[in-house]
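The next block holds one structure in the form of structure tokens; read it before the comments.
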There are 2 protein chains.
Amino acid sequence: MSEDLTARARIRDAAIKLFSERGIDGASIRDIAAEAGVSSGLLRHHFGSKEALRQACDEYARDRMFALGRELVDEVGLENISLASIQPVSFPLQTYMARSMMDGSETAVALFLQTVEYGAEWAKTHGVVTDDYRAWSAVIAVMKLGVFVLRDLLELALGEDIASPTGYARMTRAFVDIFSQPLLTPEQADNLRKD
Amino acid sequence: MSEDLTARARIRDAAIKLFSERGIDGASIRDIAAEAGVSSGLLRHHFGSKEALRQACDEYARDRMFALGRELVDEVGLENISLASIQPVSFPLQTYMARSMMDGSETAVALFLQTVEYGAEWAKTHGVVTDDYRAWSAVIAVMKLGVFVLRDLLELALGEDIASPTGYARMTRAFVDIFSQPLLTPEQADNLRKD
DNA sequence: TAGACAACTACACGACTGTGTAGTCAAGCC
DNA sequence: GGCTTGACTACACAGTCGTGTAGTTGTCTA
């Protein structure tokens with residue numbers, strides 16, 4: 001939250017931080033203003049209302065994430081993206097977006113539905129075996145969001161910050177381990193499908 | 001919320017319902033009292049404070065879930081439990097517990113850590129391939145909780161209530177599909193592990 | 001130099017929060 | 001009968017919330 005940002009940008013960054021940590025209702029405009037080092041009146045002057053501030057944060061986070069994605073693809077090409085390299089910037093944005101989705105914000109929910117749609121298409125064209133691509137994609141999507149929304153619990157279980165290099169590596173490897181081996185045998189799967 | 005329950009039980013059930021839907025901070029004691037059909041003073045008379053009410057709900061939900069699990073194992077044996085049969089009763093309790101975990105309640109967080117511990121042991125004894133059982137179990141646990149905490153989003157994507165028979169079946173089958181086939185090839189997994 | 005206008009602050013408002021207090025009412029016991 | 005006790009309600013209190021309003025400052029420009 002450096003001083004060379006405009007007050008408007010500092011307010012927006014503070015809002016993204018506190019909304020992420022406490023949820024929309026849990027972060028008051030007075031807290032956000034204090035975090036940004038301005039009066040609550042100035043927040044109101046720049047954004048009009050708490051709801052408008054939240055919308056501005058949503059759109060900023062969404063556009064910034066898209067821009068980051070494009071930059072990365074342009075720079076290094078799609079096939080050899082290093083997850084670790086984008087993490088420091090994209091992580092707070094993803095965390096905010098996950099929380100905003102949970103709180104039902106319009107822009108965030110639209111992005112979620114779009115992601116589910118994309119995931120379903122991906123599954124179709126990549127040989128995923130299911131007869132309900134939408135459900136498959138939706139469940140994957142909420143499970144992924146769970147990691148962001150329940151970050152505190154995850155860190156408690158791991159004993160370290162998942163934004164730290166080692167914590168992030170442990171989480172990433174766990175994902176790889178989970179999604180590279182089947183947890184159910186074909187027989188177990190068939191049995192469960194009968195219920 | 002039937003009338004033949006004691007007022008204390010009605011308040012507790014109403015609290016579990018509203019805490020689940022709106023989170024701890026989002027549900028006021030006046031709303032809970034109204035949902036239970038009593039005055040807010042009576043809520044206070046029975047539970048002393050909002051915090052104590054939340055603790056009572058935590059312990060009730062935990063004990064009830066344990067009891068349900070025991071009953072089920074005693075009745076039908078471990079190997080042929082039908083998921084659908086316990087769903088109507090256990091679902092609200094799990095939803096409440098997930099939300100309470102997210103809100104950082106002590107009893108709920110303790111249960112979460114216990115679950116992660118149990119999951120790690122399960123992975124060890126069931127041939128899961130990973131060199132960080134705790135991380136593996138923790139990530140699985142938060143992903144599973146994500147489904148409860150982000151239930152609204154999931155239902156929006158599916159277009160139906162996941163407590164409905166068809167919605168619940170779609171979700172369960174998606175889980176089966178996801179966890180019965182690897183999403184990453186061994187080569188992809190090895191590449192990601194190098195990051 | 002005067003005026004316009006954006007950036008910014010201070011303060012008061014009504015609504016809602018959890019909590020505290022006083023009191024009513026009916027059932028059980030001496 | 002009187003008396004205690006637990007279930008229950010009504011209401012007031014202080015604090016915090018989002019919002020509204022009035023006013024100050026500084027900078028650009030006609």
Side-chain angles (χ1 to χ4, degrees), chain A residues 1-60 96 99-100 102-108, chain B residues 1-60 96 99-100 102-108:
Chain A
M1 227 63 68
S2 66
E3 273 299 325
D4 56 351
L5 288 175
T6 64
R8 197 174 197 282
R10 288 209 315 279
I11 293 171
R12 184 237 301 136
D13 289 348
I16 289 181
K17 176 168 180 249
L18 295 193
F19 282 155
S20 298
E21 290 173 3
R22 311 178 192 174
I24 309 289
D25 288 341
S28 72
I29 61 168
R30 284 172 177 82
D31 289 344
I32 295 169
E35 175 82 19
V38 299
S39 72
S40 67
L42 184 60
L43 187 152
R44 190 166 166 67
H45 170 71
H46 278 302
F47 293 95
S49 73
K50 188 180 185 180
E51 172 63 18
L53 170 62
R54 212 216 52 213
Q55 277 183 33
C57 289
D58 278 359
E59 285 159 21
Y60 171 80
Y96 169 79
R99 184 74 203 215
S100 191
M102 204 194 80
D103 290 344
S105 133
E106 204 173 328
T107 306
Chain B
M1 225 64 64
S2 67
E3 273 299 325
D4 55 351
L5 288 174
T6 64
R8 196 175 197 281
R10 287 209 316 280
I11 293 170
R12 184 236 301 137
D13 289 348
I16 288 181
K17 176 167 180 253
L18 295 193
F19 282 156
S20 298
E21 290 173 2
R22 312 178 191 175
I24 309 290
D25 289 340
S28 73
I29 60 167
R30 284 172 178 82
D31 289 343
I32 294 169
E35 175 82 19
V38 300
S39 72
S40 66
L42 183 61
L43 187 152
R44 191 167 165 67
H45 170 70
H46 278 302
F47 293 94
S49 72
K50 187 179 184 180
E51 171 64 18
L53 170 62
R54 212 215 52 214
Q55 276 183 33
C57 290
D58 278 358
E59 284 158 21
Y60 172 80
Y96 169 78
R99 184 74 204 213
S100 191
M102 206 194 78
D103 289 344
S105 133
E106 205 172 328
T107 306

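Throughout, a chain's letter reflects where its sequence line sits, starting with A, and its residues are numbered from 1. It should be emphasised that the depicted structure is a prediction, and the values quoted were computed from it without experimental measurement.
- Remark: P of dA6(C) and CD1 of Ile11(A) are 16 Å apart, rounded to the nearest angstrom.
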Protein-proximity profile, nucleotides 7-17 of chain C, B/S/- by nucleotide at the 4.0 Å heavy-atom cutoff, equals BBB--B----B
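- For the salt bridge (Lys or Arg N to Asp or Glu O under 4.0 Å) condition, the pairs that include at least one residue of residues 18-27 of chain A, sequence neighbours left out, are Arg22(A)-Asp31(A).
- In this structure, the separation between CD1 on Ile24(A) and CG on Leu18(A) is 11.0 Å, given to the nearest 0.5 Å.
- By the 4.5 Å heavy-atom criterion applied to side chains, Gln55(B) and Ser105(B) are not counted as neighbours.
- Every residue meeting the side-chain contact (heavy atoms from CB on, under 4.5 Å) condition with His45(A), not counting sequence neighbours, appears here in chain and number order: Leu42(A).
- Taking the side chain as every heavy atom from C-beta outward, Tyr96(A) and Lys17(A) never approach each other to under 4.5 Å.
- For Ile32(A) and dC17(D), the CD1 to P distance is 11 Å, given to the nearest whole Å.
- Residues Tyr60(A) and Ile16(A) meet the side-chain proximity criterion, which asks for heavy atoms closer than 4.5 Å.
- The CD1 atom of Ile29(B) sits 9.5 Å away from atom OG of Ser39(B), with the distance rounded to the nearest 0.5 Å.
- The salt bridge (Lys or Arg N to Asp or Glu O under 4.0 Å) pairs that include a residue from residues 46-56 of chain A are Glu51(A)-Arg54(A), Arg54(A)-Asp58(A), where partners are two or more places apart or lie in different chains.
- Among the duplex regions that DNA chain D forms, those built from at least three successive Watson-Crick or G-U pairs under 3.5 Å are C:1-30 with D:1-30, ordered by first number.
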